[in-house]
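A short write-up of the structure that comes next.
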Amino acid sequence: MKKNMLFGSTLSHSLSPEIHKYIYNIIGYESTYELAEFKENELQKYIEKLSKFDINANVTIPYKEKVLPYLDFLDEKAQRIGSVNTIKSENGKLFGYNTDYYGLSETLKHYNISGKSFLVLGYGGAAKTVIQYLIDNNAERVFVATRKKKLHKKLIDNEQTKLYENTQAKSYENTQIKECNINEKIEFISYSDIDNISGFGIINTTPIGMHPNIRNCPVSPYVFKNFKLALDLIYMPIRTSFLICAENAGLTVINGLKMLVYQAIKAIEIWTGIEMTISQKNDIFAHFDSKFSVISKIKGDSDLTKDPIFIIGLPGSGKTTLGKSLSKKLDFNFIDLDDYIESKTNMKISEIFLLGESEFRKIEKLSLQEASMEKNTVISTGGGVVVTPENRELLSKKSNVIYIDRSCEDILSDVNLQDRPLLKDNPNRIYEIYKERKDYYSSLCNYKIVNDGSINDLVENALKVLGSKEEDY
């Protein structure tokens with residue numbers, strides 16, 4: 001089986017593995033896709049892995065430019081841009097491509113760039129792709145805001161020459177670099193000069209606004225009045241503070257999801273030699289656009305003020321498994337109430353139960369009250385949380401309570417009950433517990449989902465009901 005990777009320094013919130021695996025299934029491509037998160041001093045080691053083991057890779061922040069010296073060949077776009085996000089390993093040689101350009105072209109193809117001015121925030125590898133695309137499509141002027149204005153202004157005069165020399169030295173596939181004549185159209189400015197710039201579009205290529213600093217915006221809200229279109233290359237969160245401010249100012253706003261999906265499509269086409277149809281590509285993007293729009297809807301614009309999502313249900317129904325996966329999808333924190341209690345008391349749940357179930361319920365009640373004060377959190381409760389009247393009163397006032405309904409037979413067939421104090425000595429008591437609690441579960445929940453399939457099905461159903469506000473799914 002083929003092995004592919006994503007190179008980067010911070011990858012825990014990347015959507016790329018999910019996107020790649022989805023596309024692999026569609027085209028019948030047998031490959032894994034792994035995250036390779038490492039520090040810059042390890043870059044050469046990971047590059048050597050590619051050629052040695054015939055591994056392909058995508059490249060993201062901060063290595064899109066830093067990988068260049070290690071590659072044997074560059075395609076024409078990567079040469080002109082001076083940035084690579086896709087590496088193909090073949091016969092011990094490494095071929096570099098820039099598929100971000102393709103993703104950006106799909107994102108902006110319905111907008112007329114010619115004769116218009118743009119403000120680009122940042123000057124890293126992604127910014128160079130944006131600038132090249134704007135110049136190729138006859139933008140009149142490209143203002144580039146950077147905190148190193150003088151350095152970048154000096155570097156750009158020699159950038160094409162240096163790249164040409166590097167190309168010759170490395171014997172790249174295409175040694176003839178096109179003359180872009182981009183100097184006359186680019187003006188580097190400081191962030192303090194932004195208020196004086198106006199044009200058609202403002203494009204954020206910086207990581208400002210990504211997790212965990214999702215409230216941050218790279219510019220003042222007052223800047224947006226000078227533009228008509230705002231594009232943020234960030235795709236998680238789907239609605240960044242940058243885009244929210246732009247939309248509030250009346251701009252057309254675009255996030256980075258389409259660029260992400262289409263650059264992945266192009267990378268996979270390069271790796272496999274399989275060219276996908278326009279219909280396939282549209283369907284792939286529509287799938288993720290719909291899915292992450294739902295996630296954005298659930299999270300809301302504020303992102304930091306959302307009340308917790310509570311998960312209730314029988315012991316062994318899948319509350320913790322769903323909670324962990326759901327919190328990851330939503331970029332929320334996760335609390336397993338039993339783990340929270342053990343951490344708080346420095347005792348195992350089974351040890352607390354030796355003091356009596358009533359003592360455990362007192363601790364559980366206080367712990368639920370504390371956990372419910374958290375924001376942007378998924379809380380997986382214990383199966384018996386609903387037996388305490390105060391807990392039921394608390395949950396009845398919450399708007400995001402999910403009840404996982406799973407058959408007792410399924411629980412008994414594949415759940416280890418040895419760590420569950422009420423069931424370990426008499427597993428069949430699950431039927432009695434179900435009769436005692438089912439009405440509580442049903443009356444307290446806002447959404448009920450049935451766990452009779454895979455964990456992926458469970459998560460998808462949870463996202464659907466949370467996004468659509470349906471009561472049953």
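One is the number of the first residue; the rest follow in order along the sequence.
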>> Do K398 and F310 form a cation-pi contact, if we require the NZ or CZ to be under 6.0 Å from the six-membered ring centre and within 45 degrees of the ring's axis?
In response: no
>> For P315 versus I430, what's the shortest heavy-atom pair and its separation?
In response: O-CD1, 4.1 Å
>> Check for me whether K266 meets the cation-pi criterion with Y102, that is, NZ or CZ under 6.0 Å from the six-membered ring centre and within 45 degrees of the ring axis.
In response: yes
>> Let me confirm one number: the CG-CG distance from L395 to N400, rounded to the nearest 0.5 Å.
In response: 12.0 Å
> Do you know which two heavy atoms are closest between Y262 and N282, and how far apart they sit?
Replying inline: OH-OD1, 3.2 Å
> Which pair of heavy atoms, one from L314 and one from C408, lies closest together, and at what distance?
Replying inline: CD1-SG, 4.2 Å
> To the nearest 0.5 Å, what is the distance between CD (E247) and SG (C245)?
Replying inline: 10.5 Å
> Does a salt bridge link K66 with E40, judged by any charged N lying under 4.0 Å from a carboxylate O?
Replying inline: yes
> Under the criterion side-chain contact (heavy atoms from CB on, under 4.5 Å), which of I208, I203, I194 is the partner of L121?
Replying inline: I194
>> Does K49 form a side-chain contact (heavy atoms from CB on, under 4.5 Å) with K3? I'd like the steps, not just the answer.
In response: CA-CA 11 Å; K49 270 188 180 182; K3 187 175 182 179; over 6 Å; no
> Does some side-chain heavy atom of I87 sit less than 4.5 Å from a side-chain heavy atom of L71?
Replying inline: yes
> Could you go step by step and tell me if S399 and N446 meet the side-chain hydrogen bond (donor to acceptor under 3.5 Å, both in side chains) rule?
Replying inline: CA-CA 6 Å; S399 59; N446 306 106; 5.8 Å; no
>> Against I26, only a single residue in I268, D283, I284 fulfils side-chain contact (heavy atoms from CB on, under 4.5 Å); can you say which?
In response: I284
>> Contact between Y191 and R147 at the side-chain level, heavy atoms closer than 4.5 Å - yes or no?
In response: yes
>> Assess the residue pair T99 and N85 against the criterion (side-chain hydrogen bond (donor to acceptor under 3.5 Å, both in side chains)); give the C-alpha distance rounded to whole Å, side-chain angles, the decisive distance to 0.1 Å, and a yes or no.
In response: CA-CA 7 Å; T99 67; N85 77 308; 3.0 Å; yes
>> Looking only at the side chains, is there a donor atom on one of S442 and D439 sitting less than 3.5 Å from an acceptor on the other?
In response: no
> How about K109: does its NZ atom have over 12 heavy atoms from other parts shown lying under 6.0 Å from it?
Replying inline: yes
> Looking only at heavy atoms, what is the nearest atom pair of V387 and R361, with distance?
Replying inline: CG2-NE, 3.8 Å
> In terms of side-chain heavy atoms, does T206 have a donor or acceptor partner in N204 at a distance below 3.5 Å?
Replying inline: yes
> Is E42 salt-bridged to K45, going by a charged N under 4.0 Å from an acidic O?
Replying inline: yes
> Is the backbone N or O of F285 less than 3.5 Å from a side-chain atom of D289, with the two atoms forming a donor-acceptor pair by type?
Replying inline: no
> Can you check whether R392 reaches L444 side chain to side chain, under 4.5 Å on heavy atoms?
Replying inline: yes
> Are F227 and F118 near enough that their ring centres are under 6.0 Å apart?
Replying inline: no
>> Take a 6.0 Å sphere around NZ of K228 and say whether it holds more than 12 heavy atoms from other residues, nucleotides or ligands.
In response: no
>> Given 3.5 Å as the limit, does a donor-acceptor pair link the side chain of Q132 with the main chain of I81, or not?
In response: no
> In Å and rounded to the nearest 0.5 Å, what is the CD1 to CG distance from I311 to L326?
Replying inline: 6.0 Å
> Just wondering, do I402 and L466 contact through their side chains at under 4.5 Å, heavy atoms?
Replying inline: yes
>> With side-chain contact (heavy atoms from CB on, under 4.5 Å) as the criterion, how do K344 and E370 come out once you've worked through the C-alpha distance, each side chain's angles and the decisive distance to 0.1 Å?
In response: CA-CA 11 Å; K344 181 179 177 179; E370 292 174 2; 3.0 Å; yes
>> Side chains of K329 and V459, heavy atoms from C-beta outward: is any pair under 4.5 Å?
In response: yes
> Does the separation of the ring centres of F360 and F353 fall below 6.0 angstrom?
Replying inline: yes
>> Within this structure, what is the CG-CE distance for the pair D100 and M259, rounded to the nearest 0.5 Å?
In response: 4.0 Å
> Do you know the tightest heavy-atom contact between E65 and G124?
Replying inline: OE1-C, 4.0 Å
>> For D410 and S413: C-alpha separation, side-chain torsions, deciding distance, then whether side-chain hydrogen bond (donor to acceptor under 3.5 Å, both in side chains) applies.
In response: CA-CA 5 Å; D410 283 351; S413 68; 4.5 Å; no
> Do S380 and D336 have a side chain donor and acceptor closer than 3.5 Å?
Replying inline: no
>> Whether the side chain of T107 engages the backbone of G103 through a donor-acceptor N/O pair (distance < 3.5 Å, no angle test) should be reported.
In response: yes
>> Rounded at 0.5 Å granularity, tell me how far OH in Y24 sits from OG1 in T272.
In response: 9.0 Å
>> With side-chain hydrogen bond (donor to acceptor under 3.5 Å, both in side chains) as the criterion, how do N58 and T86 come out once you've worked through the C-alpha distance, each side chain's angles and the decisive distance to 0.1 Å?
In response: CA-CA 4 Å; N58 287 136; T86 297; 3.3 Å; yes
> Between Y133 and Y101, does a ring-ring contact (aromatic ring centres under 6.0 Å, His included) hold up when you go through it step by step?
Replying inline: CA-CA 7 Å; Y133 176 82; Y101 189 99; 5.6 Å; yes
> Is it the case that more than 12 heavy atoms not belonging to N346 sit under 6.0 Å from its CG atom?
Replying inline: no
>> If I compare all heavy atoms of F242 with all of C217, which pair ends up nearest, and what's the gap?
In response: CA-SG, 3.7 Å
>> Between T388 and N391 (side chain of the first, backbone of the second, donor and acceptor by atom type, cut-off under 3.5 Å), is there such a pair?
In response: no
>> For a side-chain contact (heavy atoms from CB on, under 4.5 Å) check, start with the C-alpha distance between V130 and L233, then their side-chain angles and the critical distance, and finish with the verdict.
In response: CA-CA 10 Å; V130 171; L233 299 194; 4.0 Å; yes
> N451 and S317: side-chain donor and acceptor closer than 3.5 Å?
Replying inline: no
>> Is the terminal nitrogen or CZ of K438 (NZ for Lys, CZ for Arg) located under 6.0 angstrom from the six-membered ring centre of Y441 and within 45° of that ring's axis?
In response: no
>> Strictly below 4.0 Å, N to O, side chains only: are E393 and K397 in salt-bridge contact?
In response: yes
> In Å and rounded to the nearest 0.5 Å, what is the NZ to CD1 distance from K319 to I404?
Replying inline: 7.0 Å
>> Looking at K2, I'd like to know if its NZ atom is crowded, meaning that more than 12 non-hydrogen atoms belonging to other residues, nucleotides or ligands lie closer than 6.0 Å.
In response: yes
> Just wondering, do I23 and Y29 contact through their side chains at under 4.5 Å, heavy atoms?
Replying inline: no
>> Under the criterion side-chain contact (heavy atoms from CB on, under 4.5 Å), I'd like the reasoning laid out for D452 against R406: C-alpha separation, chi angles, the key distance, then a yes or no.
In response: CA-CA 7 Å; D452 59 0; R406 191 181 190 196; over 6 Å; no
> Does the side chain of K258 come within less than 4.5 Å of L104's, by heavy atoms?
Replying inline: no
> Are N255 and D232 close enough that a side-chain donor and a side-chain acceptor fall under 3.5 Å?
Replying inline: no
> Would you call E269 and I274 a side-chain contact if the rule is heavy atoms closer than 4.5 Å?
Replying inline: no
> Aromatic ring centroids of F38 and Y46 under 6.0 Å?
Replying inline: yes
> Does any donor atom in the side chain of N4 or E34 lie under 3.5 Å from an acceptor atom in the other side chain?
Replying inline: no
>> How about OH on Y222, more than 12 heavy atoms from neighbouring residues, nucleotides or ligands closer than 6.0 Å, or not?
In response: no
